[in-house]
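This report concerns only the one structure given below.
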Amino acid sequence: MKIKIQNNALKKAAIYIRVSTDAQREEGYSIDAQKEMLTAYCISKGIKNYEYYIDGGFSGSNIDRPELSRLISDIKAKKISCVLVYKLDRLSRSQKDTLYLIEDVFNPHGVDFISLNESMDTSTPLGRLMLGILSAFAQLERENIRERTRMGMKERIKSGLWPGGGRIPFGYDYDSQKGILVPNEDAKTVRRIYDLYLEGYSPRRIAEITGLKYERLAIQILKRKSNAGYIEYNGEEYIGKHEPIISLDKYNAGMETMRERSNIRNTESQHLLTGLMVCGR
């Protein structure tokens, strides 16, 4: 009967470390803290050959990380026989990504996965069972964080503050200190766009007069209710604390004019592309 003896001294272990925020560093997940604990584990198990893979400042919500990509490449090149992390969510907070890494990357290449905090070792059946359970909880926590963020964002908007980030509407700047939009020099162009539209000018002609690059930009500006002091979020409207560029009456008049023009085009023409396709000259 032959007995297979594992020589840990011959193993090449990958110590993977991830920190995404300063808060995590303060909570004891700093790069140095993780490195110290994982290195001590290797020494206690007689693993002398190990290499660090460190992603600092990267979220665990996806696997698009430079050092994780390098680790995957080294695993596929059969340079690694074991991957160690301090905690499961250091590898990923996504259940789908965690299972992908274990089932499609680590296991096919004979690579064991060890999570120090959860005492998990995928070389054992119990370790593989624990992995499925814990990765599901990691996914649940990520979804709870996302839900709390959405709730906080909605409360912010309900109070009249701009969501922040993303695209700032033409005619405004964003005051990050006050959390509101502030009209800028382009606000007068926004007012002129509404005036010209209500006078009967087409969006294409308005774009030419005001110097907008595309006709569609004129239409987008006309449709933004933020110009009248409102904030639109997930299909709902809230009164914003920012200064309106135009009155609500003028905005409503513009939208009514747009509906009337659309109805005229649809009822008077039997041709599908009327009003949509024009001569370039």
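The analysis underlying the following values was restricted to heavy atoms, covering all of them including side chains, and did not include hydrogens, waters or symmetry mates. Here the structure is a predicted model, which means the values were calculated and not measured.
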Leu116 and Val85, any side-chain heavy atoms less than 4.5 Å apart
no
As an exercise, state the distance from NZ of Lys250 to CZ of Arg191, rounded to the nearest 0.5 Å.
9.0 Å
Check for a donor-acceptor pair, side chain of Thr210 on one end and backbone N or O of Ile206 on the other, with a separation under 3.5 Å.
yes
Single hit among Ile221, Ile245, Leu198, Ile209 for side-chain contact (heavy atoms from CB on, under 4.5 Å) with Ile193
Ile221
Applying side-chain contact (heavy atoms from CB on, under 4.5 Å) to Ile72 and Leu101, what does each step give before you reach the verdict?
CA-CA 9 Å; Ile72 293 173; Leu101 290 169; 3.8 Å; yes
Count the heavy atoms of every other residue, nucleotide or ligand shown that sit under 6.0 Å from CG of Leu248, and state whether that count exceeds 12.
yes
Start with the C-alpha gap between Asp32 and Glu36, add the side-chain angles, then the distance that decides, and say whether side-chain contact (heavy atoms from CB on, under 4.5 Å) holds.
CA-CA 6 Å; Asp32 289 340; Glu36 181 180 351; over 6 Å; no
Minimal heavy-atom distance between Val19 and Ser30, with the atoms involved, is CG2-C, 4.0 Å
Quick one: closest heavy-atom pair of Asp55 and Leu68, and the distance?
OD2-N, 3.1 Å
May I ask you to decide whether Glu118 forms a salt bridge with Lys87, counting only side-chain N to carboxylate O separations under 4.0 Å?
no
Kindly indicate whether the side chain of Thr257, heavy atoms from C-beta on, has any atom under 4.5 Å from the side chain of Arg261.
yes
With distance as the sole test, does Ser81 use its side chain to make a donor-acceptor pair with the main-chain N or O of Lys12 at under 3.5 Å?
yes
Does Ser69 offer a backbone N or O that forms a donor-acceptor pair with the side chain of Ser73 under 3.5 Å?
yes
With side-chain contact (heavy atoms from CB on, under 4.5 Å) as the criterion, how do Trp162 and Ser226 come out once you've worked through the C-alpha distance, each side chain's angles and the decisive distance to 0.1 Å?
CA-CA 10 Å; Trp162 189 253; Ser226 54; 4.2 Å; yes
How many angstroms lie between atom CD1 of Ile239 and atom CD1 of Ile157, to the nearest 0.5 angstrom?
14.5 Å
For Leu84 and Cys42 the tightest heavy-atom approach is CD2-SG, 4.1 Å
Check the surroundings of atom OH in Tyr201: do more than 12 heavy atoms from other residues, nucleotides or ligands lie under 6.0 Å from it?
no
Given Asn62 and Ser94, is the side-chain contact (heavy atoms from CB on, under 4.5 Å) satisfied, shown in steps?
CA-CA 7 Å; Asn62 59 69; Ser94 164; over 6 Å; no
Could you check if a side-chain atom of Ser115 sits within less than 4.5 angstrom of a side-chain atom of Tyr86, using non-hydrogen atoms only?
no
Exam field: side chain Tyr172 to backbone Ile180, donor-acceptor pair closer than 3.5 Å:
no
Output all residues satisfying side chain to side chain contact (heavy atoms under 4.5 Å, CB included) with Glu237, sequence neighbours left out; order by chain, then residue number.
Lys225, Tyr230, Glu232
Does a salt bridge link Arg70 with Glu51, judged by any charged N lying under 4.0 Å from a carboxylate O?
yes
Here's a test for you: under side chain to side chain donor-acceptor pair (under 3.5 Å), which of Glu67, Arg90, Arg65, Gln34 qualifies with Tyr16?
Arg65
Hey, can you tell me if Tyr194 and Tyr251 have their rings parallel, tilted or perpendicular (30° and 60° cut-offs)?
tilted
Would you indicate whether the side-chain heavy atoms of Asp173 and Ile168 approach each other to under 4.5 Å?
no
Tell me whether Ser262 contacts the main-chain N or O of Arg259 through its side chain, where contact means a donor paired with an acceptor under 3.5 Å.
no
Within the side chain of His242, is there an N or O that forms a donor-acceptor pair under 3.5 Å with the backbone of Tyr174?
no
Close side-chain approach of Glu208 and Glu215, heavy atoms under 4.5 Å:
no
Tell me, yes or no, whether the heavy-atom count around Tyr214 atom OH, taken from other residues, nucleotides or ligands under 6.0 Å, exceeds 12.
no
Student check: side-chain heavy atoms of Phe106 and Val83 closer than 4.5 Å:
yes
Should the heavy atoms of other residues, nucleotides or ligands under 6.0 Å from CD of Glu185 be counted, would the total exceed 12?
no
Just by distance, with hydrogens left out, do Asp74 and Tyr53 show a side-chain donor and acceptor under 3.5 Å apart?
yes
Minimum heavy-atom distance Pro203-Ile219, with the two atoms named:
CB-CG1, 3.7 Å
Between Gly60 and Ser92, which heavy-atom pair has the shortest distance, and what is it?
O-OG, 3.5 Å
Do the numbers put Lys35 on top of the ring of Tyr52, so that NZ or CZ is under 6.0 Å from the six-membered ring centre and no more than 45° off the axis?
yes
Report yes or no: is the cationic atom of Arg192 (NZ for Lys, CZ for Arg) under 6.0 Å from the centre of the six-membered ring of Tyr197, at an angle within 45° of the ring normal?
no
Taking the side chain from Arg18 and the backbone from Asp89, do they hold a donor-acceptor pair closer than 3.5 Å?
yes
Out of curiosity, does Val105 fall in the hydrophobic cluster containing Ile80 (side-chain heavy atoms, cut-off under 4.5 Å, transitive links)?
yes
Do you know which of Glu147, Arg148, Met153 makes side-chain contact (heavy atoms from CB on, under 4.5 Å) with Arg150?
Glu147
Is any side-chain heavy atom of Asn227 closer than 4.5 Å to one of Phe170?
no
For Asp97 and Ser61, work out which heavy atoms get closest and say how close.
OD2-O, 3.7 Å
Should we say atom CG of Asp64 is surrounded by more than 12 heavy atoms from elsewhere, each under 6.0 Å from it?
no
Using a 3.5 Å distance criterion without hydrogens, assess whether the side chain of Asp186 forms a donor-acceptor pair with backbone atoms of Thr189.
no
How about CZ on Arg216, more than 12 heavy atoms from neighbouring residues, nucleotides or ligands closer than 6.0 Å, or not?
no
Side chains of Glu243 and Val182: closer than 4.5 Å at any heavy-atom pair?
no
Would you check if the side chain of Arg224 reaches a backbone N or O of Pro169 as a donor-acceptor pair within less than 3.5 Å?
no
